[in-house]
Amino acid sequence: MILNNSITHVILTGGVGSRLWPLSRKSQPKQYLEIFEGKSLFEMTVERNSHLAHKVMVVGNVENHHLSGKVMDKTKTPYINIVEATPRNTAAAIAFAAFASEPEDILIITPSDHIIDKMDDYNNAINEAISKAQEGFIVTFGIIPTKPETGYGYIESKGDKVISFREKPNETTAKDFIARGNFLWNSGMFCFKASVLLDELKQFQPDIYEKSKLVWESSKEGFLDFESSMEIPSISIDYAVMERSKKIKVVPAAFSWSDLGSFESVYDYLVSKGHEVDKSGNMVIGCDKYTAFLGLKNTIFVSTATANLILQKENSQDVKDIYCELERNNSDLLN
């Protein structure tokens with residue numbers, strides 16, 4: 001791997017993890033919960049990439065940047081801090097990171113709330129992406145799927161060429177994707193030169209480019225202004241650039257990956273790490289009290305100080321409905 005470009009690991013820390021309520025709250029989103037062998041997903045993200053990059057940049061918001069700061073102190077990691085005044089989706093967040101970089105810098109963009117295993121495969125995928133980024137491509141990481149998953153978007157591919165991006169499918173469509181064999185899970189991870197991404201953004205979404213540039217140029221020590229930030233259209237990087245650019249390549253990645261976006265995926269991960277389940281597959285999370293399940297199978301009991309949740313594992317995607325209902329009622333239980 002040629003290292004003539006400076007490599008920056010950019011961590012996006014937005015997202016509340018609404019499908020992991022009541023564990024995940026606005027004051028303590030899922031990426032900061034220390035329920036993974038005493039570490040948070042955010043801390044694991046920092047450590048995983050520490051040997052791959054020369055610099056670390058954290059794009060957070062006014063509500064969570066102090067939580068990121070604690071982790072960066074704990075891991076003794078110097079970093080560039082970008083604090084959004086209000087969430088404007090991933091196109092703006094990634095634009096800020098690119099504006100904060102030198103044009104030739106290579107950025108590795110990762111969310112802060114993923115679990116990744118098989119590190120040799122991960123490192124190989126990152127190195128392959130860096131070499132493609134040095135050639136001027138915008139690289140996305142497609143995970144080779146292990147099952148028909150309705151919680152992820154998909155990338156239709158042929159080799160390293162992207163044919164199309166697909167939204168989260170229903171179960172029938174997901175099964176069809178898997179059967180066809182050339183669909184990958186969309187990981188939300190990217191790699192590119194800062195200048196290449198900004199050129200493409202300027203071409204396809206000049207309004208986001210110009211307004212993000214203004215906000216970045218008027219920032220004070222990484223803190224962005226609220227009023228001017230509200231002018232930026234809230235659009236994902238997939239829609240703004242990935243689905244339109246001719247410079248996209250995909251690295252089909254064999255590493256083990258989950259965005260831990262549901263209690264089903266948390267359950268599977270905890271089981272793999274030896275977390276206790278009873279003989280009917282029932283699990284307790286967040287409670288040391290003796291808890292017995294009668295006549296129930298694959299049930300998850302989630303306990304917190306102010307709210308409990310009892311759910312069938314296969315209903316994990318529906319937790320978001322409870323979150324939305326509490327949001328409509330302005331409930332304190334989200335804080």
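These numbers were taken from a predicted model, which means no experiment stands behind them.
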Is it the case that atom [atom1] in [X] sees more than 12 heavy atoms from other parts of the structure closer than 6.0 Å?
X	atom1	answer
Glu217	CD	yes
Glu314	CD	yes
Asn170	CG	yes
Lys320	NZ	no
Asp332	CG	no

Is it true that [X] and [Y] have a side-chain N and a carboxylate O under 4.0 angstrom from each other?
X	Y	value
Asp105	Lys193	no
Arg166	Glu156	yes
Lys202	Glu210	no
Asp207	Lys211	no
Lys74	Glu43	yes

Do [X] and [Y] have side chains that get closer than 4.5 Å, going by heavy atoms?
X	Y	value
Cys191	Ile106	yes
Met283	Leu270	yes
Pro111	Asp259	no
Val83	Val62	yes
Glu128	Val251	yes
Val58	Leu12	no
His9	Leu52	no
Asp117	Ser272	no

Phe183: which of Phe165, Phe177, Tyr152 passes ring-ring contact (aromatic ring centres under 6.0 Å, His included):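 Output: one option passes, namely Phe177.
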
Trp185 and Trp257 aromatic ring geometry - parallel, tilted or perpendicular at 30°/60° bounds: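 Tilted.
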
Are any side-chain N or O atoms of [X] and backbone N or O atoms of [Y], one a donor and one an acceptor, separated by less than 3.5 Å?
X	Y	answer
Asn49	Thr45	yes
Ser245	Val241	no
Lys70	His65	no
Asn64	Gly60	no
Asp225	Ser228	yes
Asn186	Gly142	no
Glu149	Ala174	no
Ser316	Ser262	no
Ser195	Pro103	yes
Ser24	Lys30	yes

Qualifying side chain to side chain donor-acceptor pair (under 3.5 Å) pairs, either residue in residues 85-103, two or more places apart: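 Passing the test, one end in residues 85-103: no pairs.
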
Flag for Tyr154-Ser164: side-chain donor and acceptor within less than 3.5 Å: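 Absent: no donor and acceptor within the cut-off.
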
Side chains of Asp318 and Asn315, donor plus acceptor under 3.5 Å: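 Side-chain D/A pair, Asp318 to Asn315: present.
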
Compare every heavy atom of [Y] with every heavy atom of [X], then report the nearest pair and how far apart it is.
X	Y	result
Leu333	Trp21	O-NE1, 2.9 Å
Lys297	Asn282	C-OD1, 3.4 Å
Thr8	Met57	CG2-CB, 4.0 Å
Pro22	Val302	CD-CG1, 4.0 Å
Ile208	Ala91	CD1-CB, 4.1 Å
Gly153	Lys168	N-CG, 3.8 Å

Six-ring centre of Tyr239, Arg244 cation under 6.0 angstrom, axis tolerance 45°: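 So Arg244 does make the cation-pi contact.
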
From CA spacing to verdict: ring pair (Phe, Tyr, Trp, His ring centres under 6.0 Å), His275, Tyr269: CA-CA 9 Å; His275 191 94; Tyr269 176 75; over 10 Å; no

Test side chain to side chain contact (heavy atoms under 4.5 Å, CB included) applied to Val56 and Ile11, step by step: CA-CA 8 Å; Val56 180; Ile11 309 174; 4.1 Å; yes

Residues that Gln317 engages under side chain to side chain donor-acceptor pair (under 3.5 Å), provided they are two or more places apart: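 Listed in chain order: Arg19.
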
Partner set under side chain to side chain donor-acceptor pair (under 3.5 Å) for Asn329, not counting sequence neighbours: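 Asn329: side chain to side chain donor-acceptor pair (under 3.5 Å) contacts with Glu325.
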
Derivation of the side chain to side chain contact (heavy atoms under 4.5 Å, CB included) call for Thr110 and Val10: CA-CA 6 Å; Thr110 75; Val10 179; over 6 Å; no

Residue pair Ile115, Met44: steps toward the side chain to side chain contact (heavy atoms under 4.5 Å, CB included) verdict: CA-CA 8 Å; Ile115 282 281; Met44 290 159 79; 3.4 Å; yes

Stepwise salt bridge (charged side-chain N to carboxylate O under 4.0 Å, His left out) check, Glu47 with Lys39: CA-CA 11 Å; Glu47 288 180 350; Lys39 292 181 180 178; 2.9 Å; yes

If two hydrophobic side chains count as joined below 4.5 Å and joins carry through other members, does [X] share a cluster with [Y]?
X	Y	answer
Ile94	Ile248	yes
Met189	Ile143	yes
Val271	Leu23	yes
Ile80	Ile109	yes
Ile310	Val284	yes

Co-members of the apolar cluster containing Met230 [side chain, <4.5 Å]: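 Direct or chained contacts put Met230 with Phe226.
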
Step-by-step side chain to side chain contact (heavy atoms under 4.5 Å, CB included) determination, Thr13 to Ser112: CA-CA 5 Å; Thr13 71; Ser112 58; 4.0 Å; yes

Residues forming a side-chain contact (heavy atoms from CB on, under 4.5 Å) with Leu198, sequence neighbours excluded: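 Scan of Leu198 (side-chain contact (heavy atoms from CB on, under 4.5 Å), adjacent residues dropped) gives Ala98, Phe99, Tyr209.
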
Residue pairs passing the ring pair (Phe, Tyr, Trp, His ring centres under 6.0 Å) test where at least one lies in residues 121-146, sequence neighbours excluded: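 Pairs touching residues 121-146 that pass the test: Tyr122-Phe255.
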
